[in-house]
Amino acid sequence: MLNLVLFGPPGAGKGTQSEYLIKKYNLVHLSTGDLLRSQITAGTELGLRAKQLMDQGLLVPDEVVIGMIENKLEENQLVAGFIFDGFPRTVPQAVALDQLLSQHDTKITTMIALVVDSEELTRRLLLRGQTSGRPDDQNEELIRRRVKEYNDKTAPVADYYSQQGKFAAIDGIGEIDTIFKEICYQIDKAVER
Ligand code: B4P
């Protein structure tokens, strides 16, 4: 199986690149952000609790997102692989993911990190906020809080994969197609290892 973690701060291009990657490599796309937003739309209790945190630019509790991923792995047993988009966002989530994958006799192939500075992230997210209807994209202070949350809690996840020799960083500024080609190059290299 090919199991990718697509990593980076909010607005780095994870969702954007995932759309191309799932087609090229025939992967199942697991975006915890999308899964949480569908719970919010469905008006579930979990969705209501998550919305309160997401609207403040904060992460939702680890056990909530780990449970969602666990369910999705159960539902998709005979697939070519997964792309994890926006997950893991904390080291405990990364540890839980390794455990879940090993129960399914598989593991992470590599993590690809998209590197984008905070000014460009703010510009992109405010632009997306004009049409996305996402409350967390509509206010500069909130976007800065999301980036801070990323730097405090999520950035250490890169070290976790780096220590396993499964990490590649890519410049996330530039043409979407150029970035996609660089990601594919890094994936193909990791598969050959
Ligand atoms: P997510 O849905 O994961 O949202 P995101 O970080 O904003 O990234 P996204 O993938 O949507 O954006 P992209 O970079 O593609 O998370 C939302 C919230 O959910 C979190 O804040 C948190 O509260 C919660 N959550 C999710 N997962 C969690 C977890 N595991 N644990 C705890 N909480 C969790 O794109 C951004 C914009 O940039 C787009 O408009 C795109 O068009 C543009 N763009 C992309 N590439 C570009 C390029 N190369 N040049 C110019 N623009 C580009």
Side-chain angles (χ1 to χ4, degrees), residues 4-22 29-41 46-73 82-97 100 111-158 160 170-183:
L4 301 174
V5 173
L6 202 53
F7 190 73
K14 304 181 296 285
T16 304
Q17 294 295 337
S18 290
E19 281 181 37
Y20 296 92
L21 290 166
I22 53 178
H29 183 208
L30 295 183
S31 156
T32 38
D34 288 350
L35 291 170
L36 289 166
R37 280 184 290 276
S38 62
Q39 293 284 330
I40 292 172
T41 307
L46 187 157
L48 289 175
R49 274 196 290 138
K51 182 171 167 41
Q52 286 177 347
L53 294 161
M54 290 167 77
D55 286 356
Q56 295 178 68
L58 302 172
L59 295 183
V60 305
D62 287 340
E63 60 274 18
V64 171
V65 283
I66 292 166
M68 289 191 317
I69 291 289
E70 191 172 7
N71 291 340
K72 289 287 164 189
L73 293 180
F82 295 95
I83 177 158
F84 297 95
D85 163 8
F87 180 89
R89 259 180 159 95
T90 64
V91 172
Q93 290 180 22
V95 172
L97 180 60
L100 288 173
M111 167 196 260
I112 310 277
L114 295 169
V115 181
V116 178
D117 63 74
S118 56
E119 240 169 77
E120 171 68 5
L121 298 173
T122 308
R123 189 191 70 76
R124 286 183 188 178
L125 294 176
L126 285 174
L127 194 67
R128 182 172 70 181
Q130 291 172 10
T131 53
S132 68
R134 279 177 57 172
D136 58 346
D137 282 349
Q138 283 168 10
N139 159 331
E140 191 162 338
E141 196 192 318
L142 206 55
I143 291 171
R144 293 207 185 279
R145 189 179 307 164
R146 286 165 66 192
V147 173
K148 183 177 183 315
E149 190 85 334
Y150 169 84
N151 287 329
D152 291 349
K153 296 181 185 162
T154 306
V157 177
Y160 178 85
I170 286 173
D171 185 358
I173 297 184
E175 293 292 324
I176 288 171
D177 192 46
T178 311
I179 297 166
F180 176 64
K181 286 194 183 116
E182 179 60 22
I183 295 175

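Just so it is clear, the values below take in all heavy atoms, side chains as well, and ignore hydrogens, waters and symmetry mates. Whatever order the structure lists them in is the order used to number ligands and atoms, beginning at 1.
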Sub-4.0 Å atoms of ligand 1 with respect to non-hydrogen atoms of L36:
24 (C), 25 (N), 26 (C), 34 (C)
Among protein heavy atoms, which sits nearest to atom 9 (P) of ligand 1, and what does the distance come to when rounded to 0.1 Å?
R128 NH1, 3.6 Å
Charged N to carboxylate O under 4.0 angstrom, R145 versus D152?
no
Under the rule for ring pair (Phe, Tyr, Trp, His ring centres under 6.0 Å), what residues qualify as partners of F180, not counting sequence neighbours?
Y20
Which protein heavy atom lies closest to atom 43 (C) of ligand 1, and at what distance to 0.1 Å?
R124 CD, 4.0 Å
Applying ring-ring contact (aromatic ring centres under 6.0 Å, His included), which residue pairs with at least one partner in residues 124-155 are found, sequence neighbours left out?
F7-Y150
Residue and atom name of the nearest protein heavy atom (relative to atom 45 (C) of ligand 1), distance in Å to one decimal:
T16 OG1, 3.3 Å
State plainly whether the residues E120 and R124 are in salt-bridge range, i.e. N to O under 4.0 Å.
yes
Looking only at distances, please establish whether an N/O atom of ligand 1 is found under 3.5 Å from an N/O atom of D34.
no
For ligand 1, the portion of E149 having any non-hydrogen atom under 4.0 Å away:
neither
Min heavy-atom dist R134 to ligand 1 below 4.0 Å
yes
So which bit of V60 gets within less than 4.0 Å of ligand 1, heavy atoms only: side chain, backbone, both or neither?
both
For ligand 1, note which part of R146 has a heavy atom under 4.0 Å away: side chain, backbone, both or neither.
side chain
Heavy atom of Q17, distance to ligand 1 below 4.0 Å:
no
Which of the atoms in ligand 1, numbered in the order shown and given with their element, are less than 4.0 Å from a heavy-atom of G86?
27 (N), 28 (C), 29 (C), 30 (N)
With respect to F87, determine whether any N or O atom, backbone or side chain, lies less than 3.5 Å from an N or O atom of ligand 1.
no
Measure A12 to ligand 1 on non-hydrogen atoms and call it side chain, backbone, both or neither using the 4.0 Å cut-off.
backbone
Closer than 4.0 Å to some heavy atom of L58 - which atoms of ligand 1 meet that?
22 (C), 23 (O)
Looking only at protein heavy atoms, which one is nearest to atom 18 (C) of ligand 1, and what is the separation?
M54 CE, 3.8 Å
Rounded to the nearest 0.5 Å, how far does CG of L21 lie from NZ of K14?
13.5 Å
